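These numbers were taken from a predicted model, which means no experiment stands behind them.
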Amino acid sequence: MLPPQPHIEKDLIISAQQGDMVAFEKLVCIYERPIFSYILRIVNRREDAEDVAQDAFVKFFIHIKDIKPEKGCKSWLYATATNTAYDCLRHKQHRPEDLIIDSDRETKHLDPTYTTIEADINSQDLERALLQLKPIYASILLLFFKEGFSYEEIAVMLNLPIGTVKTHLHRAKAALHEKL
């Protein structure tokens, strides 16, 4: 499902803030698949991605009244999903047995419509290379190239200075190029 026009999303947020569960469910339906796909690329395990996505949408429900309707909820959802995914990864560092995964099993479930940064690169190779990057680098690459967020939006979402976002993006592209 495509993101709604800003005025429609604004109306849905206002309705959800007033307790309209149908409006909230519509917002979840709009963002559920792209958020899940994004999270899966960060955590690299379907089960973890499902848990992280669920946690992110629970946080969305709890904090719906804090969201400014005129700004929309896309940035808020991606920021929350990113932070929740990082929390999951930090938790996994304490349990190394959970990090042993079959990346082929996970990558085949990724959104097949994902377009590569360079058209001639095999999408599967790109997915594998992204999994080898630092999570912050993968997040910034995905937010910038796949999700189309600006430097400023990414800086706000990840609570980083804009210069750091640009530096991370530059380093991420270099690391990705090296992996490919």
Side-chain angles (χ1 to χ4, degrees), residues 1-43 46 48-89 109-119 123 126-127 130 135-170 172-173 176:
M1 182 177 267
L2 294 174
Q5 297 295 323
H7 68 281
I8 294 172
E9 182 174 319
K10 178 181 174 183
D11 292 343
L12 287 172
I13 293 169
I14 291 169
S15 295
Q17 288 174 334
Q18 295 171 349
D20 183 349
M21 287 306 295
V22 173
F24 180 78
E25 288 173 10
K26 285 181 183 178
L27 289 168
V28 171
C29 286
I30 291 165
Y31 289 106
E32 184 175 34
R33 183 175 168 91
I35 291 289
F36 175 79
S37 179
Y38 169 71
I39 291 168
L40 183 58
R41 287 183 174 90
I42 296 172
V43 299
R46 187 167 204 67
D48 291 339
E50 289 167 353
D51 291 343
V52 169
Q54 183 176 7
D55 288 348
F57 283 108
V58 167
K59 290 174 184 176
F60 181 48
F61 179 76
I62 292 169
H63 296 285
I64 189 75
K65 292 188 186 272
D66 299 332
I67 295 172
K68 293 181 173 70
E70 61 278 358
K71 289 191 173 189
C73 59
K74 183 177 180 180
S75 293
W76 191 95
L77 278 167
Y78 275 90
T80 301
T82 301
N83 292 332
T84 307
Y86 288 170
D87 289 344
C88 175
L89 291 174
H109 295 291
L110 297 175
D111 182 4
T113 62
Y114 178 70
T115 56
T116 61
I117 295 168
E118 296 181 76
S123 179
L126 179 61
E127 295 295 341
L130 281 171
I136 186 70
Y137 288 175
S139 296
I140 289 175
L141 280 170
L142 291 168
L143 290 170
F144 187 78
F145 287 106
K146 184 177 185 307
E147 303 302 333
F149 288 108
S150 68
Y151 293 127
E152 294 82 10
E153 291 170 318
I154 295 170
V156 170
M157 279 189 267
L158 301 180
N159 197 25
L160 295 170
I162 194 163
T164 302
V165 170
K166 290 178 180 180
T167 300
H168 281 341
L169 184 59
H170 176 75
K173 288 191 288 188
L176 186 62

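- The structure places NZ of K10 at 6.5 Å from CD of E70, a figure rounded to the nearest 0.5 Å.
- With sequence neighbours excluded, the residues satisfying side chain to side chain contact (heavy atoms under 4.5 Å, CB included) with F61 are M21, F24.
- Atom NZ of residue K173 and atom CG of residue L176 lie 10.5 Å apart, to the nearest 0.5 angstrom.
- Annotation: side chain of I30 is in contact with side chain of L12 (closest heavy-atom distance under 4.5 Å).
- Applying the side-chain hydrogen bond (donor to acceptor under 3.5 Å, both in side chains) criterion to D87, with sequence neighbours excluded, gives R90.
- Note that the CG atom of L89 and the CG atom of D48 stand 8.0 Å from one another [nearest 0.5 Å].
- L158 places none of its side-chain heavy atoms less than 4.5 Å from the side chain of V165.
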With side-chain contact (heavy atoms from CB on, under 4.5 Å) as the test, would you mind laying out the steps for T80 and I35 before giving the verdict?
CA-CA 10 Å; T80 301; I35 291 289; over 6 Å; no
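- In this structure, the side chain to side chain contact (heavy atoms under 4.5 Å, CB included) partners of D20, at least two apart in sequence or on a different chain, are S15, V22, A23.
- The distance from the CD1 atom of I8 to the CG atom of L27 is 11.5 Å, given to the nearest 0.5 Å.
- Residues meeting the side-chain hydrogen bond (donor to acceptor under 3.5 Å, both in side chains) test with S150, sequence neighbours left out: E152, E153.
- For D66, the side-chain hydrogen bond (donor to acceptor under 3.5 Å, both in side chains) partners at least two apart in sequence or on another chain are H63.
- In this structure, F145 and I140 have side chains that are not in contact, with every pair of non-hydrogen atoms separated by 4.5 Å or more.
- For the atom pair CG of D51 and SG of C88, the computed distance is 7.5 Å after rounding to the nearest 0.5 Å.
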Show, in sequence, the C-alpha distance, side-chain angles and deciding distance for S139 and I42, and conclude whether the side-chain contact (heavy atoms from CB on, under 4.5 Å) test is met.
CA-CA 7 Å; S139 296; I42 296 172; 3.4 Å; yes
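- Scanning for side-chain hydrogen bond (donor to acceptor under 3.5 Å, both in side chains) contacts around Y137 gives an empty result, with sequence neighbours left out.
- For the atom pair CZ of F60 and CG of L77, the computed distance is 5.0 Å after rounding to the nearest 0.5 Å.
- Of the candidates K26, E9, K74, E9 is the only one forming a side-chain hydrogen bond (donor to acceptor under 3.5 Å, both in side chains) with Y31.
- Residues C73 and I13 approach most closely at N-CD1, 3.8 Å, considering heavy atoms.
- Across every non-hydrogen atom of I67 and Q17, the tightest pair is O-NE2, 2.6 Å.
- Side-chain atoms of R33 and S37 include no donor-acceptor pair closer than 3.5 Å.
- In this structure A53 satisfies the side chain to side chain contact (heavy atoms under 4.5 Å, CB included) test together with F36, I39, sequence neighbours excluded.
- For K71, the side chain to side chain contact (heavy atoms under 4.5 Å, CB included) partners two or more places apart in sequence, or in a different chain, are K68.
- Closest approach of A155 to P161, counting heavy atoms only: CB-C, 4.3 Å.
- Partners of Y86 under the ring-ring contact (aromatic ring centres under 6.0 Å, His included) rule, at least two apart in sequence or in another chain, do not exist in this structure.
- Contact check for W76 versus K59: side-chain heavy atoms found under the 4.5 Å cut-off.
- Y78 is linked by a ring-ring contact (aromatic ring centres under 6.0 Å, His included) to Y38, F149, counting only residues two or more places apart in sequence or in another chain.
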